[in-house]
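Right, one structure below, let's go through it.
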Amino acid sequence: MEQKRYGHFDDQHREYVITDPQTPWPWINYLGNEDFFSLISNTAGGYSFYKDAKFRRITRYRYNNVPMDNGGRYFYIKDGDTVWNPGWKPCKTPLDFYECRHGMSYTRISGRKNGVEASVLFFVPLKKWAEVQKLTLKNESKEVKQLKLFSFEEWCLWNAATDMENFQRNFSTGEVEIEGSTIYHKTEYRERRNHYAFYHVNAPIQGFDTDRETFVGLYNEFADPQAVMEGKPRNSHAHGWSPIASHYIEVTLQPGESKDFVFLLGYIENEQDEKFEAPQVINKKKAHALIAELDTTEKVDKAFAALCEYWDALLNIYKVKTGNDKLDRMVNIWNQYQCMVTFNFSRSASFFESGVGRGMGFRDSNQDLVGFVHQIPPRARQRIIDIASTQFPDGGCYHQYQPLTKRGNNDIGGGFNDDPCWLIFGTVAYIKETGDFSILDEMVPFDNQPGTEVTLFEHLKISMDHVIKNLGPHMLPLIGRADWNDCLNLNCFSWDPNESFQTTENVSEGTKAESLMIAGLFVVTGKDYVALCQKLANGQWSMVNGQCDFAAEAARMQQAVDAMIEAVKKHGWDGEWYLRAYDFYGRKIGSNECEEAKIFIESQGWCTMAEIGAEDGMVAKSLDSCKKYLECEHGMVLNNPAFTKYIYEYGEISSYPEGYKENAGIFCHNNPWVIIGECLAGRGNDAWSHYAKILPSYVEEKYQTLHKVEPYVNCQMVAGKDAFKPGEGKNSWLTGTAAWMWYTVSEFILGIKPDYDGIRIDPCLPETASDYTVCRKFREAEYEITIHPNGAQKGVKSITLDGQPVNGTIIPYSAGKHIVEVMM
Ligand code: BGC
């Protein structure tokens, strides 16, 4: 059956073009790249914040609302008796034309009604704390148009959590100021806050509103605000209740005439002693300056061009040409773009993450790094330091921290025993990309306590040691509250629905719960750590801030890695696949002996990536088992068969209905682990077929309606084969899938892998692959690498660098432009 389509890719402009506003779910985009951020849906819903979606929310948003995705930056156009919005919502007046183009950090929404076209370009200019909304109104009719234009934003009272609950206070605190065409939001500025926001337009206004109920009317809605319907602003001044910002502008357009309006939503911070210009009057100097930088079409167009150039440069670092559009557009555009977004937001703010629940995750952010480090290495460097600063002296760490304060979240605490290993994963990726060993010398505190600083290298060391010091009866890593799978809570034991699965440890004394996922992760990162120490022992870097016998350290860790490999072979193998874990009592999880969930994906992924027992055929058997038991039409499920009842000893995992989330959902994040396992094993056909199943551009074509969420990015979970609706996607955008898909395709499938001394070339491809070229900027060099697969799935036969043969598979690094030819 022909699927209904809601949009399509426009690769030339790096855009996804949505042509029907009634998408199966809001399809969103992100604006802003450093401090000021916005989420925007295809109907202009969403919100803005400064750095932290919880503590510094600028505009209000109501999650899980009815109707869905209500509230945002809205322009109401009143043309005679017709009131409409360029993005269709909230009035939902049928439009003569609608289009939303989501691009790289910008969105353009256009609508046409009765001969008037309204097009709004939304973006956050580089280094500015503001969202630009450039509205172009054009009269395409033959008559003169007299339009009444109303803008609309609703202020959030800064802390998005208390904004939703503390109404006994909130309804009395709201304060605004109005000056010319600028509406200022200054709630709580009189006391401890030194920040305010504003909403400005670069044209004279004929009225305004700042009190929500006065503008909307208590018994009306965003779809029919009274002031708009009557074409009459109230000039309301908010005192408490719910402050908003709405400009009113009367616009006359001759036939064929068009006019631009630049709206600006800005955020300002003032020094303590410069807060006021007069009693009760906020100091607007910085706001005026910011407005002056963006108050004409020319200035805004220039800022937009700079943003586009910024993305050109970022996306020029790794560029592939395979001739397969679906692959090229994901590698060259959308996958890299999603990696930037996950790097910026970790799991904090999306249309599935409310911005108040989670900040930056320790494990999440380290993984996000591998998708981002090639783009802006200095930001990756800072992130590594920030993350490591939330570690404890014993190597354990806070599971999450808030981006604004950079402090660990006490609500969730620590105890997730995979967390420490990820620090090695992130740091090694950074050094390999940049060659910057000096990061290891940075003095980094524990739990952000001044005076506790040790080198970053020391942090890596105690991370490894944390695993070694927490081994269980089979000499496998103790799982703690959970490993990567937040929902496998083997020490929780809860019958109380008011308890959190993840923070409750009703019984942990005497636990024997061990994780094969951490075992594999430890071997992979342990090998990386050993290689790093060997590099350091060879004099790559001499420590300024500490002392270490790196050769001895490499040997010590190699022993621990070897011991772990032995433990896995001895106690972690089930005959056809790797076990998943041992429970509190030391009983097997993920074994043929189990009634349900006989096999799990995580340990297959990590133990095959670690190549444990490859020589004994374990890796091949495990990969075959993934195909046999986990694979389905939409990807590989997490476990099989799904749990059908709650298992007290296992925690949250079995609380999910069959086929969803961690209970046999296709948790896209972990599919790449198996794909990398396939690549290391040289099974290119299998690697590719797994990869293509969860590659958005392939899904886009097949299931626009079924998949439901944005077809241009990966989502965290696709309902698995046991689900009510297999193939339905959820939790789009903020998922480790982005970084892992990138890492997999760029380094293992296409085979261009940064290493300490150069670039390692080792592709793993389907037999059908044709010649392809990767242009890779690397440090001060630029490589144009052409691969001739010659029908091989794996195995590089010969490499030439600028015409000269290269020994082995590493192209030694040297600055400048180079041509590389690779025969497989
Ligand atoms: C979390 C990850 C976790 C994964 C699997 C995600 O929601 O952000 O930290 O590893 O779920 O449980």
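Numbering of ligands and ligand atoms starts at 1, following listing order. Computed from a predicted model, the values in this text were never measured in an experiment.
Salt bridge Glu631/Lys693: present, at least one basic N to carboxylate O contact under 4.0 Å.
Between Ile694 and Cys668, the shortest heavy-atom distance links the atoms CD1-O, 4.0 Å. A pairwise comparison of heavy atoms in Val356 and Arg57 identifies CG1-NH2, 4.1 Å as the closest pair.
Phe493 pairs in a ring pair (Phe, Tyr, Trp, His ring centres under 6.0 Å) with only one of the listed residues (Phe584, Phe501, Tyr646, Tyr650), which is Phe584.
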Provide, line by line, the atom pairs where ligand 1 and the protein bring an N/O atom each to a distance under 3.5 Å; else say none.
unit_1, atom_1, unit_2, atom_2, d
ligand 1, 7 (O), Arg358, NH2, 3.1
ligand 1, 7 (O), Gln716, NE2, 3.0
ligand 1, 8 (O), Arg358, NH1, 2.9
ligand 1, 8 (O), Asp364, OD1, 3.4
ligand 1, 8 (O), Asp364, OD2, 3.0
ligand 1, 9 (O), Arg363, NH1, 2.7
ligand 1, 9 (O), Asp364, OD1, 2.7
ligand 1, 9 (O), Asp364, OD2, 3.4
ligand 1, 10 (O), Arg363, NH1, 3.1
ligand 1, 10 (O), Trp484, O, 2.5
ligand 1, 10 (O), Trp484, NE1, 3.0
ligand 1, 12 (O), Trp484, O, 3.4
ligand 1, 12 (O), Asp486, N, 2.9
ligand 1, 12 (O), Glu662, OE2, 2.5

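Partners of Asp583 according to the salt bridge (Lys or Arg N to Asp or Glu O under 4.0 Å) rule, which considers only residues two or more places apart in sequence or in another chain, are Arg587.
The local environment of NZ in Lys512 is sparse, with at most 12 non-hydrogen atoms from other residues, nucleotides or ligands closer than 6.0 Å.
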